[in-house]
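Only one structure is covered here, and it is reproduced in the block below.
Values below: all heavy atoms of this structure, side chains included; hydrogens, waters and symmetry mates excluded. Sequence lines set the chain letters: A, B, ... in the order given, protein chains first and strands last, and positions in each chain run from 1.
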Number of protein chains: 2
Amino acid sequence: MTPGVRKAKAAQTRAALLDAARTLFGERGYLNTKITDITAAAGRSTGSFYEHFADKEELLRALLGDIEDAADERLAAREHPREHDLTDRAQLHAHLEIAWGVMRQHRAIQVAMFQSMVADDPASGRAWRDLSEQTGMLREHLEWLREQGRAVPGEPELLAAGMGAMLALVSYALPPDGPYTDEQVVDAFTNLLLKGLAG
Amino acid sequence: MTPGVRKAKAAQTRAALLDAARTLFGERGYLNTKITDITAAAGRSTGSFYEHFADKEELLRALLGDIEDAADERLAAREHPREHDLTDRAQLHAHLEIAWGVMRQHRAIQVAMFQSMVADDPASGRAWRDLSEQTGMLREHLEWLREQGRAVPGEPELLAAGMGAMLALVSYALPPDGPYTDEQVVDAFTNLLLKGLAG
DNA sequence: GTCTATATACCGATAGAC
DNA sequence: GTCTATCGGTATATAGAC
């Protein structure tokens, strides 16, 4: 066997592990999926796992690349400068639709990330850091609004985190075959955030 | 020793376990706190734990009574019929302030409940059930609004869950000594939800 | 690189003496 | 009711053959 072939086999194993993990994370969640479950589902041995990943968390980070690529792709389709006016219905709707769509399309990974975040030591501050980082774009749009002299209903970081929290937790909790369609969710939250209850 | 005294000692042990658990849940979270950690912190033996609780989850349910009592108490101060107009700034603010205050004052228990909920099998549907139940009051207020012929920006259950998700996850993530005061948070979310971004 | 087999560690839960 | 001691199950990670 040439080195190239062996390398290809290794890549195949790595891909099989990632695939199996994604499936299992979606079915039973991240925390309830053991490393031996992943290797068994991938048809590999336990020991083989550690040739590719140091632990389960590192595998999750590798999966994370997928969802980030998907998000970047959807965002690259249109330019995304700071100068987005979230008080414009169409622009707010587009932002929520993309965020919700990515979370739902890669639900297994979102579930895994969410569980991993919440299982961490609460005192580590990771949850707030993650939430703040993942809503950085929303925050920048709000900061831009404020720089334009427009009234913003509170601290941009706080508002962005609140909106992100709403989407993330509802997406985590709402079953895939739940009672509401994606459109219902996006429309409801667009209305709620755009005009608020007193619109 | 009379039976009465022995009973009192038992109650003391039970209380010590609950106290120790609450402290540890606040420090390291629910998932990272082992039963032996609780008994050690309470100055009792491992075996003694099972005389009072079947497992860690049952202890959490016992702690849950505390937070529910606190919420009921704050709500009993004023009547809380369905006929609350959440499009009125003062009433919305009051609701958010109470919910946020209870979560922050009993942060250890909220952290524990949140971790317990998220650690469960995602396919169990528990997360959505919990979220929906805990926001039942908001939902009823919205349903009442709708019955009055007022426009509501989406399905009441969905909107209520979204608002609850925002509060719950931000409260979980935001450190107790974080960069924002309780007032800032409540005001920001009141503004956001009352008038929305386009207020 | 992949496998089998195992060391290591940990935690939940119980048995039995007091 | 509380204690000490321990069993039993389980998951991570490694060692060594192929």
Side-chain angles (χ1 to χ4, degrees), chain A residues 1-25 27-63 111-112 115-116 118-121, chain B residues 1-25 27-63 112 115-116 118-122:
Chain A
M1 235 185 242
T2 73
V5 171
R6 197 185 309 143
K7 201 171 173 183
K9 289 241 173 196
Q12 217 171 355
T13 294
R14 186 187 153 93
L17 291 171
L18 287 169
D19 261 8
R22 183 168 30 229
T23 301
L24 291 174
F25 291 170
E27 287 173 5
R28 334 175 184 172
Y30 175 75
L31 298 175
N32 286 326
T33 298
K34 308 308 168 192
I35 289 176
T36 50
D37 296 335
I38 298 171
T39 54
R44 311 295 157 128
S45 70
T46 307
S48 192
F49 179 92
Y50 296 93
E51 190 67 31
H52 300 276
F53 309 100
D55 49 31
K56 201 169 64 170
E57 204 179 312
E58 190 176 303
L59 181 146
L60 176 57
R61 277 195 297 273
L63 278 178
V111 163
Q115 287 195 322
S116 170
V118 172
D120 250 26
D121 184 344
Chain B
M1 233 183 241
T2 71
V5 171
R6 197 184 310 143
K7 201 172 174 183
K9 289 242 173 197
Q12 218 171 355
T13 294
R14 186 187 152 92
L17 290 171
L18 287 169
D19 260 8
R22 183 168 28 228
T23 302
L24 290 174
F25 291 169
E27 285 172 5
R28 333 176 186 174
Y30 174 75
L31 298 175
N32 287 327
T33 299
K34 309 307 169 191
I35 289 176
T36 49
D37 296 334
I38 298 172
T39 53
R44 313 293 157 132
S45 70
T46 307
S48 192
F49 179 93
Y50 295 93
E51 191 66 31
H52 300 277
F53 309 101
D55 49 30
K56 200 170 65 170
E57 205 180 310
E58 191 175 301
L59 181 146
L60 177 57
R61 276 196 296 272
L63 279 178
Q115 287 195 323
S116 170
V118 172
D120 250 27
D121 185 345

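Note: CD (B:Glu58) to P (C:dG12) measures 15 Å, nearest angstrom. D:dA13 atom C1' lies 16 Å from atom CD of A:Glu57, rounded to whole Å. As rounded to whole Å, 14 Å separates atom C1' of C:dC3 from atom NZ of A:Lys9. Atom CG of B:Asp55 is separated from atom P of C:dT14 by 10 Å (rounded to the nearest Å). Atom CD1 of A:Ile35 is separated from atom P of D:dT14 by 10 Å (rounded to the nearest Å). The nearest whole Å value for the distance from the CZ atom in B:Arg44 to the P atom in D:dT4 is 12 Å. The interatomic distance linking B:Lys56 (NZ) with C:dG12 (P) rounds to 6 Å, in whole Å.
Between B:Thr46 and D:dT4 there is no side-chain N or O to OP1 or OP2 distance below 4.0 Å.
Looking at the side chain of A:Thr13, the nearest of the listed nucleotides C:dG12, C:dT2, D:dG1 is C:dT2. Checking D:dC3, C:dT2, D:dA11 against the side-chain heavy atoms of B:Ser45 singles out D:dC3 as nearest. Of the listed nucleotides (D:dT2, C:dA13, D:dA11), D:dA11 has the atom at the smallest distance from the side chain of A:Lys34. Candidate nucleotides D:dT2, C:dT2, D:dT12 were compared by shortest atom distance to the side chain of A:Glu51, and C:dT2 ranks first. Checking C:dA13, D:dT2, C:dG1 against the side-chain heavy atoms of B:Tyr50 singles out C:dA13 as nearest. Comparing atom distances between the B:Ser48 side chain and each of C:dT2, D:dT2, D:dA13 picks out D:dT2 as nearest.
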Criterion side chain to side chain contact (heavy atoms under 4.5 Å, CB included) on B:Leu60 and B:Tyr30, from CA distance to verdict: CA-CA 9 Å; B:Leu60 177 57; B:Tyr30 174 75; 3.9 Å; yes
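With hydrogens and angles left out, the side-chain atoms of A:Arg44 and A:Thr39 include no donor and acceptor closer than 3.5 Å.
A:Ile38 CD1 to A:Leu17 CG: the interatomic distance, rounded to the nearest 0.5 Å, is 7.5 Å.
Taking all atoms of both residues into account, the shortest heavy-atom contact from A:His52 to A:Glu58 is O-OE2, 3.9 Å.
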